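Please see the structure below; I have some questions.
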Amino acid sequence: MSEFVQALRALVGEAGLLCGGDLSAYELDWRRRFPGRALAVASPATTHEVAAVVKLCVAHGVAMVPQGGNTGLVGGSTPDATGAQLVLSLRRMNQVRGVDAANLTLTVEAGCVLQAVQAVAAESGLLFPLSLAAQGSCTIGGNLASNAGGTQVLRYGNARELCLGLEVVTASGEIWNGLSGLRKDNTGYDLRNLFIGSEGTLGVITAATLKLYAQPQAQMTALAACASLEAALELLRLAQQRAQASLTGFEVMNAFSLALLSKHFPQMQQPLGGSAWTVLLELSDAESELHAKALFEGLLEAALEAGVISDAAVAASHAQAQAMWHLRESIPLAQAQEGLNVKHDIALPVSAIPNFAAATDLALEAAFPGVRLVNFGHLGDGNLHYNVQAPEGVEPQAFLSRHEAAINAIVYDAVAVHGGSFSAEHGIGQLKRAELAARKDPVALQMMHSIKKALDPQGLMNPGRLL
Ligand code: FAD
């Protein structure tokens with residue numbers, strides 16, 4: 001065994017070290033696109049152990065790949081193929097450090113699973129609103145490192161907006177205690193926001209102080225049928241006008257997304273049939289069930305009368321509401337069953353979405369006749385998952401290998417023309433590194449390189465990711 005691994009074992013103990021054997025849970029990403037090989041997996045149990053491991057890596061020139069739940073979708077959390085990178089797993093750092101209900105904050109360690117964080121907030125009668133389909137396995141450290149979005153961004157913002165303070169082990173192994181629960185603190189550069197979204201390339205997030213909110217008194221969920229994206233946007237405008245901050249979810253699914261669900265998960269009930277677009281609306285009311293119901297029904301009736309929607313189904317129970325969300329969240333799984341596809345997690349000004357989709361659908365169909373578009377996502381905050389599936393009968397892997405670059409060029413050029421971003425909530429990782437180099441403003445890119453050099457001069461924090 002190498003001197004490095006022996007020293008590592010002395011720092012984290014048997015329980016904190018995996019070396020040899022089957023490490024595939026740490027070496028293979030969720031989408032199975034970036035298999036790697038780890039030198040070892042270190043799972044420190046405390047911030048001081050993380051700092052000691054980082055110092056050891058610096059002394060030996062060993063690159064580190066911070067990892068939380070390994071649910072990231074851009075290949076940022078798995079090692080490369082050299083067998084020389086250490087996976088630094090935060091999963092054992094899963095303590096709740098404290099709830100300050102009067103300050104509406106919660107301080108947790110980075111390895112806490114998102115669902116557990118939501119549960120801790122709920123035990124205090126409060127809400128931690130970050131919510132995404134991977135919440136049973138992703139960690140708060142990973143959520144912050146990738147600035148995750150999810151289904152509640154429209155009302156509460158993404159992970160960045162939900163974090164007040166961080167504790168970080170820097171690339172040289174120092175501990176920065178920035179665990180502030182302050183909502184105002186103008187004392188120079190915003191270091192917290194530098195580490196949020198840095199995808200493990202600047203340091204290791206070991207703990208965070210998070211914002212909490214009051215639990216809503218009532219929640220209403222519905223599906224609504226729209227004939228076009230323009231109509232879906234009109235419904236969004238109506239909903240924002242009537243419900244204002246109570247509108248907490250506004251998701252959209254195209255007909256082909258739902259057709260894939262029917263094909264692969266026929267047991268899932270789809271209450272509405274046949275429209276070009278289906279919107280999933282969620283309203284969270286601070287007043288009462290009665291108030292929520294009146295507001296929601298008024299909104300849907302007005303939309304029906306104005307011809308904005310042709311039909312709607314309101315969930316009559318929590319179980320029905322969950323089933324509606326389950327439909328939306330199962331689309332990526334149905335897509336996976338259909339075969340490999342080219343995924344795009346894009347952001348656009350909401351107003352530009354209908355023109356973007358019309359132009360890009362046409363351009364893709366012209367270039368690849370028969371191509372199938374799985375278009376769904378968080379319409380309320382301008383984030384589409386605009387995914388491209390091979391034509392019926394065409395072998396998906398071959399289609400992807402041959403055409404992925406050309407498809408990306410069509411989609412990302414259109415995104416740029418419409419004032420959007422080629423990465424909305426999943427980040428850059430390995431998957432979009434070339435896009436970042438090619439498409440990011442050159443001055444911004446230069447500043448990013450300068451920051452990386454200043455904070456990680458040896459380039460040992462997650463090298464080859466993001467930059
Ligand atoms: P990992 O995958 O382990 O890591 C992600 C990145 O963060 C890597 O670059 C890693 O090096 C870095 N990192 C991890 N922990 C730390 C740390 N403590 N310090 C420094 N760097 C660290 N994302 C959305 O935004 N919205 C969605 O709606 C959404 N839905 C999803 C649904 C499914 C089914 C899946 C599988 C993923 C989904 N994602 C979504 C992707 C999302 O980014 C991740 O699920 C989550 O935020 C990553 O958390 P994780 O703990 O798994 O991080």
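Numbers for residues simply follow the sequence, beginning at 1. Just so it is clear, the values below take in all heavy atoms, side chains as well, and ignore hydrogens, waters and symmetry mates. This structure is a prediction, so every number in the text was calculated from the model and none was measured.
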Side-chain donor-acceptor pair present, S77, N70, cut-off under 3.5 Å: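 Yes, side-chain donor-acceptor contact under 3.5 Å.
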
Would you say that Q219 contacts L283 through its side chain, given a criterion of any heavy-atom pair below 4.5 Å between the two side chains?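 Q219 does not reach L283 side chain to side chain.
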
Tell me yes or no: between the side chains of H291 and Q217, is some donor less than 3.5 Å from an acceptor? no

To the nearest 0.5 angstrom, please state how far the CD atom of Q67 sits from the OG atom of S89.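 The distance works out to 6.0 Å.
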
Between R465 and D80, does any NZ, NE, NH1 or NH2 come within less than 4.0 Å of an OD or OE carboxylate oxygen?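 No, D80 and R465 are not salt-bridged.
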
Distance flag, aromatic centroids of H426 and H344, threshold under 6.0 Å: no

As an exercise, state the distance from CZ of R160 to CG of D190, rounded to the nearest 0.5 Å.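 Taking CZ in R160 and CG in D190, the distance rounds to 8.5 Å.
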
Does the side chain of W30 come within less than 4.5 Å of S137's, by heavy atoms? no

What do the steps show when you test F356 against Y386 for ring pair (Phe, Tyr, Trp, His ring centres under 6.0 Å), and what is the final call? CA-CA 11 Å; F356 162 83; Y386 185 85; 5.3 Å; yes

More than 12 heavy atoms of other residues, nucleotides or ligands under 6.0 Å from CZ of R32: yes or no? no

Test: R97 and E167 ion pair at under 4.0 Å: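 Counted as a salt bridge, because a side-chain N and a carboxylate O are separated by less than 4.0 Å.
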
Does R33 pair with E404 as a salt bridge, N-O distance under 4.0 Å? yes

Report yes or no: do S423 and S421 form a side-chain donor-acceptor pair below 3.5 Å? no

Does any part of the side chain of D381, heavy atoms only, come nearer than 4.5 Å to the side chain of N158, both counted from C-beta?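 Of all side-chain heavy-atom pairs linking D381 with N158, none is under 4.5 Å.
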
For the CZ atom of F128 and the OG1 atom of T105, what is their distance to the nearest 0.5 Å?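 Output value for this atom pair is 12.0 Å.
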
Taking atom NE2 of H60 as the centre, report whether more than 12 heavy atoms of other residues, nucleotides or ligands fall under 6.0 Å from it.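 It does: H60 NE2 has more than 12 such atoms within range.
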
Using a 4.5 Å cut-off on heavy atoms from C-beta on, say whether the side chain of L104 contacts that of L126.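 In short, these two side chains touch, coming nearer than 4.5 Å.
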
Between M93 and T206, does the side-chain contact (heavy atoms from CB on, under 4.5 Å) criterion hold? Intermediate values first, please. CA-CA 8 Å; M93 286 202 59; T206 48; 4.1 Å; yes

Does any non-hydrogen side-chain atom of R439 lie less than 4.5 Å from one of F422?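 Yes - at least one pair of side-chain heavy atoms lies under 4.5 Å apart.
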
When rounded to the nearest 0.5 angstrom, what is the spacing between CG in L460 and SG in C57? 7.5 Å

Considering only heavy atoms from C-beta outward, does the side chain of M461 approach that of M64 to under 4.5 Å? yes

Check side-chain contact (heavy atoms from CB on, under 4.5 Å) between V350 and all other residues, then give those that pass, not counting sequence neighbours.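 side-chain contact (heavy atoms from CB on, under 4.5 Å) check on V350 returns L233, L236.
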
Side-chain touch W325/E251, heavy atoms, less than 4.5 angstrom: yes

Mind checking the CD1-CD1 spacing from I205 to I140? Nearest 0.5 Å is all I need.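 These two atoms lie 10.0 Å from each other.
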
Any chance you could measure L166, atom CG, to L191, atom CG, to the nearest 0.5 Å?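 If we round to the nearest 0.5 Å, L166:CG and L191:CG are 9.5 Å apart.
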
Would you call H385 and H378 a side-chain contact if the rule is heavy atoms closer than 4.5 Å? yes

